[in-house]
A.B. asks: 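One structure, as structure tokens, below. Some questions next.
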Amino acid sequence: MDLLASLNASQREAVQATDGPLLILAGPGSGKTRVITNRVAYLVTSRNVDPHSILAVTFTNKAANEMRDRLDQLLDGAARSLTIGTFHAVCCRILRADGQAVGLTHGFVVYDDDDQVNLIKQSLLELQLDPKTYSPRLIQSSISAAKSRLLSEQHHAEGVDSYFEEIVQRVYQRYQALLSQSDAVDFDDILLKTVRLFEGHPEVLERYRARYRHILVDEFQDTNLAQFELVRLLAAEHRNVCVVGDPDQSIYSWRSADPRNLLSFEREFPEAKVVLLEQNYRSTKTILKAAMQVISSNPLRKEMELWTENDAGKPVVLTECLNEKDEAQFVVGAIEKLIRHEGLHYGDCAVMYRINAQSRALEESLIRFGVPYRLVGGTRFYRRQEIKDIIAYLRVIHNPHDSISLARIINTPGRGIGQGTLNKLQSWATERNVSLFEALRQLVQEKDLAARAGNALSHFLGVMDALMAKGREVSPQQIIEDILVQTAYRDYLMESEDGEDRWQNVQELKNVAAEYNDLAPEEALSAFLEKVSLVADVDEMVDTSDAVTLITLHQAKGLEYPAVFIIGMEDGVLPHRKSFDDPAEMEEECRLCYVGFTRAQRYLFLSRAHRRSLFGNGLANPPSRYLARLSPDLVTTRGLWEEDEVDMSGAVYSQPLAFGVSSDEFRVGDWVFHKKFGQGVVMDCFPDKSDLVVTVAFEETGTKRMLLSLARLEKIER
């Protein structure tokens, strides 16, 4: 296979620049995934590089799996020797092998977001601090930010200069002690401890440097300081490192991502070759021009001239709605017309928004009209209660010192172990500085409990000892079955109203576990638990169902759809009002809008509402400032289809965005009354032969278009 034949000149240059550092600045839809995979294949087939010595790092498991699948086709069996994965997955593998040097055992567990918050709550209580006064989520975020800056609890103490930071410091110290006691790490520890391993043990670093002679990193603009340092340490000697990024798509500062790492890369590797991928293969000319008009005003960006050979396509549709319900109806109507007129399917359409709460009105409207949808970022499979329960059992079987998981299952299903008994158990563990499981064993042996509680704990200990012994001998799928039998978990689930659905979720977990049946039992359980700990929202998306995707703009990066709707195009929503006072955050809001635009292949719809209810508040925001950047020749306020112009019945949901058009009698924004439809606001008025067509958004009956001569509207004061 000719790996270069299908590439454009810039892509070929990036693939063939195999010696020394390389920075690829890749615009959206520029084929960077093809470049990365072809570059790996080119190293192996044309430069005779051993696949064992190549490390390719992505930011999601989904992207890693797609890369591996492509390379399987390009390299056949040789692809199995490549190391491909997320930063966290690769570092987990390193820590499993060499983490003892930084205080970890081979069986350490990874605590997810909920586990971390629970451990911080425990830390607060042990420090006699009220979790209602000191937000565990806020403290977790502060600790995470410190770790992303490579600040351990000791280093963080040096920069404390406020009372809140002092609280964070105290919690940080206790939190880390409890993590260590449980032989657990959080997501940030995975990176931090790997950096510490490399810095403190040169012989370990040298071993990995000797192995990974070629390193490729995707989405480099999303790396934080810890990830940058990992790349720097591994590539410092051989310098065969290729990073791919786009500063215009850096939207994760809240995860401590720093787009300046692209600039730091050039300082760290001054001899780096820079290749620009500017040809867009995804979007129409119109959509691409609109995206560039939005982003071009952002300062501190690397200038790129994106272009495409695609058709001009349809104009961008701008729509103004009365409220979020009206907006949701517009979306549903436009999707149905895309299917009817353009031959699209539900799965070709995505609705994107700034915050999760905006999905509520959409879901209600989609359900009302029978439109199938999938909500990305809702209750994820691995976050469901029944799934977390079974995984907690597995984690204790794998690592008995996992106190958070033990606390979750000790009375699930109920077995007569009350909160008082659990409190005594936790106090015993704290006083003796032992894990909860060790405290359980000691209490049962010393019989320092009332008979009923002692019997319940003794029974639970016996069940867990038996399951742990079995866990060393059988597959994860079989041990899940043993858990279900030994704990009567199905009976417990069936007591709930949705028990059958929850039981089906547990069965699905068994199917996932079956993928590890070919591994040795202990290795299989470790690998399975690592997978479910590191899975992300996008990784759980099912691409086969024909359903409209509802997704936040943050989650949408890396995806593409024939038709994209971006709702909530209002100042205060996008850009978000919390960013108004911070220029850096405002720049990121602009990049977020740009990312949304560039997800669209053929159709882009933008909408705003006059009034919007969010978090119990009624908001009346002006149009998003990004709309003013769009030139009139790229947009339409009349919709895409003839029926948008001629249907006066109100059954069509697209309404023009008002730009101050008025008649002698009514102006846009005037409140009017109609005997049948009630009160509403005039949203547009335009001539139609000898009459005028008036668009009114009524409070109770939705948006209607009518001929002014027949409408009998009365102007009212509001």
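For the single chain, residues carry numbers from 1 onward in sequence order. All figures in this text were calculated on a predicted structure; none of them were measured in a lab.
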A.B. asks: Show me the pairs that pass ring-ring contact (aromatic ring centres under 6.0 Å, His included) and involve residues 464-499, at least two apart or across chains.
C.D. replies: Tyr489-Tyr492
A.B. asks: State plainly whether the residues Glu560 and Arg599 are in salt-bridge range, i.e. N to O under 4.0 Å.
C.D. replies: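 Here Glu560 does not pair with Arg599 in a salt bridge, since their nearest N and O are not under 4.0 Å apart.
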A.B. asks: Applying ring pair (Phe, Tyr, Trp, His ring centres under 6.0 Å), name anything that partners Phe198, two or more places apart in sequence or on another chain.
C.D. replies: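 Result, ring pair (Phe, Tyr, Trp, His ring centres under 6.0 Å) vs Phe198: Tyr208.
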A.B. asks: Output yes when Asp72 and Arg80 qualify as a salt bridge under the 4.0 Å nitrogen-oxygen rule, no when they do not.
C.D. replies: no
A.B. asks: Under a 3.5 Å cutoff, is there a donor and acceptor pairing between the side chains of Ser496 and Arg502?
C.D. replies: yes
A.B. asks: Less than 6.0 angstrom from the centroid, inside 45 degrees of the normal: does Arg415 satisfy that with respect to the ring of Phe460?
C.D. replies: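 Arg415 over Phe460 ring: no.
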A.B. asks: Taking salt bridge (charged side-chain N to carboxylate O under 4.0 Å, His left out) as the test, write out the residues that go with Asp183, two or more places apart.
C.D. replies: none
A.B. asks: Can any side-chain N or O of Tyr134 pair as donor or acceptor with the backbone N or O of Leu129 at less than 3.5 Å?
C.D. replies: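 Side chain of Tyr134 to backbone of Leu129: no pair is present.
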A.B. asks: Taking 4.0 angstrom as the limit, do Arg96 and Glu530 come out as a salt bridge?
C.D. replies: yes
A.B. asks: Quickly, which of Arg384, Arg137, Lys121 forms a salt bridge (Lys or Arg N to Asp or Glu O under 4.0 Å) with Asp114? Name it, please.
C.D. replies: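 Running salt bridge (Lys or Arg N to Asp or Glu O under 4.0 Å) over Arg384, Arg137, Lys121 with Asp114 returns exactly one hit, Arg137.
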A.B. asks: Can you tell me if Ser123 and Arg174 form a side-chain donor-acceptor pair at under 3.5 Å?
C.D. replies: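 There is no such pair between these side chains.
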A.B. asks: Answer with yes or no whether the side chains of Glu153 and Gln176 bring together a donor and an acceptor at under 3.5 Å.
C.D. replies: no
A.B. asks: Would you say Leu71 and Met67 make side-chain contact, with heavy atoms under 4.5 Å?
C.D. replies: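 Yes, their side chains come closer than 4.5 Å.
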A.B. asks: Please enumerate all residues that pass salt bridge (charged side-chain N to carboxylate O under 4.0 Å, His left out) together with Glu481, with sequence neighbours excluded.
C.D. replies: Lys510
A.B. asks: Indicate, with yes or no, if the rings of Tyr172 and His156 have centres closer together than 6.0 Å.
C.D. replies: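 Yes - the distance between ring centres of Tyr172 and His156 falls below the 6.0 Å cut-off.
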A.B. asks: Can Arg368 and Glu364 be counted as an ion pair, charged N to O under 4.0 angstrom?
C.D. replies: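 Result for this pair is no, no salt bridge flagged.
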A.B. asks: Strictly below 4.0 Å, N to O, side chains only: are Lys557 and Asp222 in salt-bridge contact?
C.D. replies: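 Yes.
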A.B. asks: Please check if the number of heavy atoms outside Arg452 that lie under 6.0 Å from its CZ is greater than 12.
C.D. replies: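 No, because the 6.0 Å sphere around CZ of Arg452 holds 12 heavy atoms or fewer from other groups.
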A.B. asks: Partners of Phe528 by ring pair (Phe, Tyr, Trp, His ring centres under 6.0 Å), sequence neighbours excluded?
C.D. replies: Tyr516
A.B. asks: Side chain to side chain contact (heavy atoms under 4.5 Å, CB included) for Glu386 and Gln504? Distances and angles first, verdict last.
C.D. replies: CA-CA 10 Å; Glu386 60 274 15; Gln504 292 302 320; over 6 Å; no
A.B. asks: Before accepting this row, confirm whether a basic side-chain N of the pair Glu199/Arg196 lies closer than 4.0 Å to the acidic partner's carboxylate O.
C.D. replies: yes
A.B. asks: Less than 4.0 angstrom from a charged side-chain N to a carboxylate O is my criterion; do Arg408 and Asp115 meet it?
C.D. replies: no
A.B. asks: Just to verify, what does His155 make a side chain to side chain donor-acceptor pair (under 3.5 Å) with, not counting sequence neighbours?
C.D. replies: Ser152
